[in-house]
S.K.: 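Can you keep this structure in mind? I'll have questions shortly.
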Amino acid sequence: MDKGYEKERFESLSIKTSIAQKFKKFSKRMGASQSMTLLLMLDFFEANGISPKESLGPHIHTLESLIKKRINAVMAVIKDIEKNQTKPTAAMMHALFEGEDPSEKKPLLTERKQTAKTLESELQNWIKKKEAQKHQEPKK
């Protein structure tokens, strides 16, 4: 007997013989009584808001594979965002709030200190270089 429906009486429905035979076979495959099979079918249609006249379109397996592909694409986008945006930003925020003393940091670039030279001393250095080059040139 069907659980929860033991005390209810049976009602007959008028359906065609070929359809009744097909329904009986379907009920046996479902492993439930004819009443429970019909109840499961009605609950399915009501819960999913569909009509037996409507087509579900592609099979469930096709829809499942499409959903899996989209989920994989979304995961790839999320991983890319995490790699290129979230982690670098989090690292910068961590460094900012870590509270490092700027005076402890070494400067990245150091400026060379130039000695103050006069125009006259620069001219003398240039003349010396030219004379040195004349003495080094081989004679022809």
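Atoms considered below: every heavy atom in the structure, side chains included; atoms not considered: hydrogens, waters and symmetry mates. Keep in mind that what you see is a predicted model, and the values were worked out from it rather than measured.
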S.K.: List, by chain and number, the other hydrophobic cluster members for Ile19, where Ile, Leu, Val, Met, Phe, Trp and Tyr join if side-chain heavy atoms come within less than 4.5 Å, directly or indirectly.
M.R.: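 None; Ile19 is a cluster of one.
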S.K.: Write out all pairs satisfying salt bridge (charged side-chain N to carboxylate O under 4.0 Å, His left out) with one or both partners inside residues 122-131, taking only residues at least two apart or from two chains.
M.R.: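 Residue pairs with at least one partner in residues 122-131: Lys117-Glu122.
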S.K.: Would you call Arg29 and Phe26 a side-chain contact if the rule is heavy atoms closer than 4.5 Å?
M.R.: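 They are in side-chain contact.
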S.K.: Search all heavy atoms of Lys87 against all heavy atoms of Lys83 and return the closest pair with its distance.
M.R.: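 Reported closest heavy-atom pair: CB-O, 4.5 Å.
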S.K.: Any chance you could pull the hydrophobic cluster mates of Ile78, using side-chain heavy atoms under 4.5 angstrom and chaining through other members?
M.R.: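 Its cluster mates, by chain and number, are Val74.
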S.K.: Give me the other members of the hydrophobic cluster that Ile67 sits in, counting Ile, Leu, Val, Met, Phe, Trp and Tyr linked by side-chain heavy atoms under 4.5 Å, directly or via other members.
M.R.: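 Reading the cluster by chain and number, Ile67 sits alongside Ile71, Met75.
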S.K.: For the CG atom of Leu38 and the CZ atom of Phe23, what is their distance to the nearest 0.5 Å?
M.R.: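 Those atoms lie 4.5 Å apart.
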S.K.: Considering only residues two or more places apart or on different chains, which pairs with a residue in residues 64-79 satisfy salt bridge (charged side-chain N to carboxylate O under 4.0 Å, His left out)?
M.R.: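 Found Glu64-Lys68.
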S.K.: Other than Trp126, which residues form its hydrophobic cluster under the rule that side-chain heavy atoms must be closer than 4.5 Å?
M.R.: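 Members alongside Trp126: Leu123, Ile127.
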S.K.: Could you give the distance from NZ (Lys28) to OG1 (Thr37), rounded to the nearest 0.5 Å?
M.R.: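 That separation rounds to 11.5 Å.
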